[in-house]
Protein chains: 2
Amino acid sequence: MSPARRTTIDDIARAAGVSKATASAALNGRSGVAAATRARVLNAAESAGWQPSSAARALSGTRTDTLGLLLDRPARTLGAEPFYMQLISGIEAALADRGTGLLLQVVEGEDAEQRTLRAWWAARRVDGVFLCDLREDDSRIALVESLDLPAVVVGGPEGTGGVTAAWSDNTAPVRECLDYLYSLGHRRIAYVAGLPELAHTATRVAEFRRRSAELGLDGLEGDAAEGPAVLHADYSGEEGARATRALLIRRAAPTAIVYDNDVMAVAGAAVTQEMRVPVPGRVSLVAWDDSTLCGLVHPPLTALGRDVAAYGGLAARLLLDRVDGADVGDVEAAPMRLIVRGSTGPAPE
Amino acid sequence: MSPARRTTIDDIARAAGVSKATASAALNGRSGVAAATRARVLNAAESAGWQPSSAARALSGTRTDTLGLLLDRPARTLGAEPFYMQLISGIEAALADRGTGLLLQVVEGEDAEQRTLRAWWAARRVDGVFLCDLREDDSRIALVESLDLPAVVVGGPEGTGGVTAAWSDNTAPVRECLDYLYSLGHRRIAYVAGLPELAHTATRVAEFRRRSAELGLDGLEGDAAEGPAVLHADYSGEEGARATRALLIRRAAPTAIVYDNDVMAVAGAAVTQEMRVPVPGRVSLVAWDDSTLCGLVHPPLTALGRDVAAYGGLAARLLLDRVDGADVGDVEAAPMRLIVRGSTGPAPE
DNA sequence: GTGAATATCCGAACCGGTTCGGACGTCAAG
DNA sequence: CTTGACGTCCGAACCGGTTCGGATATTCAC
């Protein structure tokens with residue numbers, strides 16, 4: 001019951017009748033230890049329930065056994081989006097076996113990002129970091145490179161410099177989505193995109209424009225009467241709803257709307273009900289990033305889905321390899337798939 | 001550009017022309033250092049951008065400057081529920097000023113909980129831990145007490161033993177909710193509760209039964225023809241939908257349903273649409289735990305809301321005090337408020 | 001039987017902080 | 001002038017691991 005002094009490597013060395021050095025070698029599976037000795041040490045450690053002090057281990061120059069996850073989104077949108085928690089779950093699953101911990105930091109603003117990364121580096125708190133929501137010309141890239149801090153970008157792979165990326169293609173899903181809607185007869189398609197400063201938004205929007213032109217889709221009034229309608233929003237439900245309203249009151253309203261995340265899509269769906277616009281009778285809706293949310297509303301939303309947890313696991317394994325000094329290249333995650341549900345249908349005549 | 005050797009306290013001691021001991025005392029604001037000397041040291045540290053090594057500091061027996069958050073929910077429901085991310089944001093906001101980090105661990109199952117806590121303790125990875133989703137007779141309580149590991153329970157305050165709790169009352173909101181529905185004329189009210197093994201579920205259900213009897217509410221058929229209908233679900237949308245369907249097809253269906261979280265409520269709302277049951281015309285819906293989600297669907301859901309981030313901040317401050325050795329008692333968070341939106345209305349005649 | 005190669009183990013230094021006891025100088029009280 | 005109380009600063013030990021060079025024992029070739 002007593003808190004008890006925690007057992008140290010000295011204790012188990014003494015118990016096994018060897019020196020600290022030998023005990024350390026045995027416990028870390030290094031060669032140069034007789035099999036019998038190793039067994040004695042391992043045995044002693046086991047029965048004493050010994051665990052190495054992470055601090056002592058970190059201090060002696062090797063490893064912290066901690067990775068950092070830096071999230072830069074307002075708390076409001078962070079909570080609403082299932083993406084991050086799923087990503088975290090996936091990362092953790094990959095880390096659990098190795099006894100590596102995950103240090104989480106939620107910040108707001110580029111300055112805070114830089115401060116956090118510098119502080120982590122200076123205090124040697126983490127062996128490496130995950131970088132999410134990359135912006136164009138992101139200052140974090142240069143920073144981790146100059147600090148020589150191992151990092152993996154979740155997203156990309158454009159603009160990641162020398163930093164390895166766990167990426168998933170953003171162009172193919174755009175095409176798949178547009179082609180699918182095109183085949184249903186839709187010619188006026190709008191896109192409620194995310195924050196324009198984010199790199200993946202730019203990629204998606206560019207591909208959306210390119211493919212729209214290729215398919216010869218109609219422009220939407222108000223968009224300089226040409227080209228497809230792309231509105232930017234901040235991933236919150238409020239802005240998703242606002243954008244939807246703005247689109248649906250147009251004279252030549254779109255017959256299909258693609259949203260850059262599930263929250264905005266759900267909010268958009270609520271707007272259609274409120275405005276009594278039949279879905280998918282008058283307008284079809286597609287959400288980018290599937291989550292349980294999409295299947296729960298009525299009608300259930302057609303979505304571009306992927307296994308976010310697996311994505312996180314991939315990023316975690318990449319970062320662990322990078323920390324181990326391996327020279328890993330970018331790796332592509334499983335592509336997103338279009339999951340057709342009730343919110344999409346043939347375009348109105 | 002070079003990674004550069006990180007500056008140590010020795011460097012800044014030399015730069016200031018003092019010993020390591022004096023430098024340490026100066027940097028930690030301890031007394032017994034002349035003002036002029038202290039200024040020199042601080043100055044040197046500042047201009048060198050020095051930060052103490054967390055490992056070294058932790059090793060010398062004092063502080064890890066890390067708190068642990070242990071989450072035991074399947075990844076699926078974790079992602080869907082905004083509660084945790086908001087809680088995390090709140091905790092982090094309170095921790096940020098102090099330079100304390102948050103170590104996150106997502107596990108599944110009681111064994112994994114125990115293993116994680118023991119590992120954290122043995123490796124001295126954290127100064128203290130947050131415990132969420134307390135069960136009745138929760139084994140974590142005894143563990144952290146026997147290990148003398150500072151802890152704060154998020155929830156409670158029943159069954160927390162000697163562990164301090166950041167709690168919010170679960171009985172008053174039940175009453176407020178029932179009384180509100182009663183005043184609207186509702187007499188058949190059902191409750192889609194959470195997992196029965198969780199302590200707060202038990203509290204809520206007991207109060208729901210007590211107050212229902214007090215108000216003389218009708219029992220629901222199938223419930224042994226007596227007492228209010230309480231169904232248990234696992235917080236997932238699927239089970240929330242299933243429970244809703246089961247309730248609405250009863251001969252004497254409830255005129256109001258209260259859900260234990262927002263996800264199930266949203267799913268329930270979708271079921272009403274699918275079954276063409278008008279809300280709030282035929283049935284009123286209330287969600288426990290408000291989130292942006294509730295305001296986004298149509299009709300927007302009446303909900304029991306609270307400032308989850310502030311709740312997390314409270315828990316964080318409590319735990320920091322406990323780590324500092326203060327003997328803090330349980331503290332109650334701001335009470336939940338009923339936020340009336342469009343999903344509740346007068347009971348059908 | 002001898003020398004060298006090899007396997008095994010140990011002592012001691014080191015990582016970068018904190019902390020404690022003591023040395024030194026100054027100043028006021030006796 | 002002596003003594004003692006402070007204020008200031010330093011040396012050295014310590015936290016609990018890892019690592020490296022070297023000591024000792026064992027084995028092998030010749």
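Lettering of chains follows the sequences in order, A, B, ..., and the numbering in each one begins at 1. Values reported hereafter were calculated over all heavy atoms of this structure, with side chains retained and with hydrogens, waters and symmetry mates removed. What you see is a predicted model; the values in this text were computed from it and never measured.
Taking only side-chain nitrogens and oxygens, B:Thr22 comes nearer than 4.0 Å to OP1 or OP2 of D:dC10. Applying the 4.0 Å criterion to OP1 and OP2 of D:dG16, one finds that A:Trp50 has every side-chain N and O outside that range. OP1 or OP2 of D:dG16 has not a single side-chain nitrogen or oxygen of A:Arg57 nearer than 4.0 Å. The side chain of B:Ser19 contributes no N or O atom lying less than 4.0 Å from OP1 or OP2 of D:dC9. Between A:Arg30 and the phosphate of D:dT19, there is a side-chain N or O to OP1/OP2 separation shorter than 4.0 Å. Between D:dT18 and A:Ser24, a contact under 4.0 Å exists linking OP1 or OP2 to a side-chain N or O.
For the helix from C:dG1-D:dC30 to C:dG30-D:dC1, the rotation axes defined at the first and last 5 base pairs enclose an angle of 60°, given to the nearest 10°.
B:Arg38 has its CZ atom 9 Å from the P atom of D:dT8, to the nearest Å. Put simply, CG on B:Asn28 is 7 Å from P on C:dT19, counting in whole angstrom units. Taking atom CZ of B:Arg124 as the reference point, atom P of D:dC15 lies 11 Å away to the nearest angstrom. We find that CZ of A:Arg6 is positioned 14 Å from P of D:dC15, with the value rounded to whole Å. One atom, CG of B:Asp10, and another, P of D:dA12, lie 14 Å apart when rounded to the nearest Å. A straight line from CZ of A:Arg40 to C1' of C:dT8 spans 12 Å, rounded to a whole angstrom. The CD1 atom of B:Ile9 sits 15 Å away from the C1' atom of D:dC15 (whole-angstrom rounding).
Looking only at side-chain heavy atoms (C-beta outward), A:Leu71 and A:Cys132 come within less than 4.5 Å of each other. Looking at heavy atoms from C-beta onward, A:Asp324 lies in side-chain contact with A:Arg63 at the 4.5 angstrom threshold. Considering only heavy atoms from C-beta on, B:Leu149 comes within 4.5 Å of B:Val129 through its side chain. Side-chain contact between A:Glu110 and A:Asp72 is absent, with no heavy-atom pair separated by less than 4.5 Å. Proximity of B:Met85 to A:Ile88: side-chain heavy atoms (C-beta onward) are separated by under 4.5 Å at one or more points. Looking at B:Gln51 and B:Thr7, their side chains never come closer than 4.5 Å, going by heavy atoms from C-beta outward.
The base of C:dG17 is paired with the side chain of B:Lys20 by a donor and an acceptor separated by under 3.5 Å.
To the nearest 0.5 angstrom, A:Leu147 atom CG is 8.0 Å from B:Arg6 atom CZ.
Between A:Ala21 and B:Thr37, it is B:Thr37 whose nearest contact on DNA chain D lies nearer the 5' terminus.
Comparing C:dG17, D:dG16, D:dT18 against the side chain of A:Leu59 picks out D:dG16 as the nearest.
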